[in-house]
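Comments concern the structure below.
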2 protein chains.
Amino acid sequence: MLDTIDKKILKLLQKNAKLTIKELAEELNLTTSPIFERIKRLEKEEIIEGYVALLNAEKVEKGQVVFCNVSMPIYTKENIDSFEKIVQSMPQVMECYHLAGMVDYQLKVFVKDIKEYDSFLKKMAEIQVVKVHSSAIVLHNVKYSTVISVD
Amino acid sequence: MLDTIDKKILKLLQKNAKLTIKELAEELNLTTSPIFERIKRLEKEEIIEGYVALLNAEKVEKGQVVFCNVSMPIYTKENIDSFEKIVQSMPQVMECYHLAGMVDYQLKVFVKDIKEYDSFLKKMAEIQVVKVHSSAIVLHNVKYSTVISVD
DNA sequence: AGTGAAATGACCCGAGA
DNA sequence: TCTCGGGTCATTTCACT
């Protein structure tokens with residue numbers, strides 16, 4: 001499905017989506033046309049999901065990351081759907097995973113500071129179908145990457 | 001520091017970095033020049049950290065997400081530096097946070113399947129300065145976003 | 001699947017309000 | 001800070017290998 005050239009294109013575009021087709025072509029010893037066609041194919045097959053700008057969270061006053069662990073005491077389809085919809089609409093929640101383990105869900109939340117996280121927790125408390133189990137405050141970010149290894 | 005127009009530009013580029021300056025200009029009822037200048041300023045001030053392509057993890061055979069929680073029994077500067085460097089060099093580790101709480105670090109790991117996670121755990125076991133405390137398998141992804149709310 | 005060339009369109013900059 | 005306009009460069013398509 002993906003040959004060596006495709007993988008190299010994906011590796012490079014994951015690091016820098018602003019690389020021109022010409023630059024990619026030079027790097028991979030090809031002309032622009034095949035690179036162009038390959039990128040279009042990777043987009044069409046949705047291997048490339050999109051291109052986004054990444055911001056510095058601290059510089060936009062969302063530098064505090066907190067993980068919020070919640071459980072769902074009454075585990076029904078209605079409660080699952082309801083909770084997941086709410087979470088998807090909350091802009092502070094960057095990520096949410098349904099886990100196999102002690103807690104049912106883990107939310108990664110971006111806030112300005114702990115005070116703002118306190119407000120967030122109050123909103124969570126209003127969601128009847130889940131109970132906040134615990135919070136884990138991030139002291140510092142060791143690694144954040146969007147680059148998936150395609151080797 | 002950021003006015004309404006800057007915030008709108010950031011909001012749009014976080015969703016789709018392929019928007020042309022012309023399209024942004026039309027959306028915001030301006031000409032291309034001010035949009036161009038503003039984007040250059042946001043890049044220079046590193047509010048925009050970069051532009052990346054996002055891939056579909058399942059389609060590149062990295063569809064299994066696992067959170068790996070580790071603790072560091074002997075908490076010294078040397079051990080911290082050593083561990084953080086190793087983590088940063090591991091391509092399976094997408095994210096790693098130093099936490100205030102029961103466990104010291106949480107790693108978000110992308111693997112093909114549980115078998116591949118088993119191999120990963122064996123590598124973690126070789127790192128002398130940390131002990132794997134627990135793993136949380138992701139059943140499904142409820143939300144994943146790179147868009148930070150700048151309102 | 002690749003090259004090369006030509007048209008289309010985006011980026012980028014300077015002059016002026 | 002903005003508009004307008006033009007030169008330069010990247011993207012996209014196509015005929016051919």
Side-chain angles (χ1 to χ4, degrees), chain A residues 1-62 112 145-151, chain B residues 1-62 112 145-151:
Chain A
M1 190 160 177
L2 295 175
D3 66 13
T4 313
I5 296 168
D6 290 331
K7 288 177 184 173
K8 284 180 182 166
I9 292 172
L10 292 175
K11 188 175 175 180
L12 291 165
L13 287 181
Q14 281 189 100
K15 288 190 214 155
N16 180 10
K18 280 279 138 94
L19 286 172
T20 64
I21 292 174
K22 204 180 162 191
E23 286 169 324
L24 287 167
E26 280 164 21
E27 184 76 24
L28 306 179
N29 297 311
L30 282 168
T31 51
T32 58
S33 313
I35 303 293
F36 176 77
E37 297 297 342
R38 281 167 181 272
I39 292 172
K40 288 300 146 201
R41 201 194 78 238
L42 293 166
E43 289 168 355
K44 192 168 186 182
E45 293 179 358
E46 290 176 301
I47 290 162
I48 295 175
E49 292 203 322
Y51 303 90
V52 302
L54 297 181
L55 307 191
N56 182 316
E58 288 183 14
K59 295 195 179 173
V60 293
E61 310 215 295
K62 295 289 169 188
K112 185 185 176 191
S145 174
T146 56
V147 179
I148 302 173
S149 171
V150 285
D151 303 326
Chain B
M1 188 161 176
L2 295 175
D3 66 13
T4 313
I5 296 168
D6 289 331
K7 287 176 185 175
K8 284 180 182 167
I9 292 172
L10 291 175
K11 188 175 175 180
L12 291 165
L13 287 182
Q14 281 189 101
K15 288 191 214 154
N16 180 11
K18 280 278 138 96
L19 287 171
T20 65
I21 293 174
K22 203 179 161 191
E23 286 168 324
L24 287 166
E26 280 165 19
E27 185 76 24
L28 306 179
N29 297 311
L30 282 169
T31 52
T32 58
S33 310
I35 303 293
F36 176 77
E37 297 298 340
R38 281 166 182 272
I39 292 173
K40 289 300 147 202
R41 201 194 79 238
L42 294 166
E43 289 169 356
K44 191 169 187 180
E45 292 179 357
E46 289 176 301
I47 291 163
I48 295 176
E49 293 202 321
Y51 302 91
V52 302
L54 297 181
L55 306 192
N56 181 317
E58 287 184 12
K59 294 196 179 173
V60 294
E61 311 215 294
K62 295 287 169 190
K112 186 186 173 189
S145 175
T146 56
V147 179
I148 302 173
S149 172
V150 285
D151 304 326

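Note on naming: letters A, B, ... go to the chains in the order of the sequence lines (proteins, then strands), and numbering restarts at 1 for each one.
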First locate atom [atom1] of [X], then atom [atom2] of [Y], and finally report the distance between them rounded to the nearest 0.5 Å.
| X | Y | atom1 | atom2 | answer |
| --- | --- | --- | --- | --- |
| A/K18 | A/N16 | NZ | CG | 9.0 Å |
| B/K8 | B/I35 | NZ | CD1 | 10.5 Å |
| B/I47 | B/L10 | CD1 | CG | 7.0 Å |

- Min side-chain heavy-atom separation B/L13-B/I39 under 4.5 Å: yes
Please list, for nucleotides 15-17 of chain D, all pairs of protein and nucleotide N/O atoms separated by less than 3.5 Å.
none

- Note on the structure: Sorted by number, residues from residues 8-26 of chain B placing a heavy atom under 4.0 Å from DNA chain D are none
Roughly, in whole Å, what's the span from [atom1] in [X] to [atom2] in [N]?
| X | N | atom1 | atom2 | answer |
| --- | --- | --- | --- | --- |
| B/E37 | C/dC11 | CD | P | 13 Å |
| B/L2 | D/dT1 | CG | P | 13 Å |
| A/E27 | D/dA10 | CD | C1' | 18 Å |
| B/F36 | D/dT8 | CZ | C1' | 12 Å |
| A/L28 | C/dG2 | CG | C1' | 14 Å |

- Item | Lys/Arg N to Asp/Glu carboxylate O, B/E43 vs B/K40, below 4.0 Å | yes
Of the non-hydrogen atoms in [X] and [Y], which two are nearest, and what is the gap between them?
| X | Y | answer |
| --- | --- | --- |
| A/K22 | A/T32 | CA-CG2, 3.9 Å |
| A/V52 | B/K15 | CG1-O, 3.9 Å |
| B/R41 | B/D6 | NH2-OD2, 2.8 Å |
| A/N56 | A/E58 | OD1-N, 3.0 Å |
| B/K62 | A/I148 | CG-CG2, 3.5 Å |
| A/P34 | A/L30 | CG-CB, 4.2 Å |

Find every protein N or O atom lying less than 3.5 Å from an N or O atom of nucleotides 2-4 of chain D, and list the pairs.
unit_1: D/dC2; atom_1: OP1; unit_2: B/R38; atom_2: NH2; d: 3.1
unit_1: D/dT3; atom_1: OP2; unit_2: B/T31; atom_2: N; d: 2.9
unit_1: D/dT3; atom_1: OP2; unit_2: B/T31; atom_2: OG1; d: 2.1
unit_1: D/dT3; atom_1: O5'; unit_2: B/T31; atom_2: OG1; d: 3.4
unit_1: D/dC4; atom_1: N4; unit_2: B/S33; atom_2: OG; d: 2.4

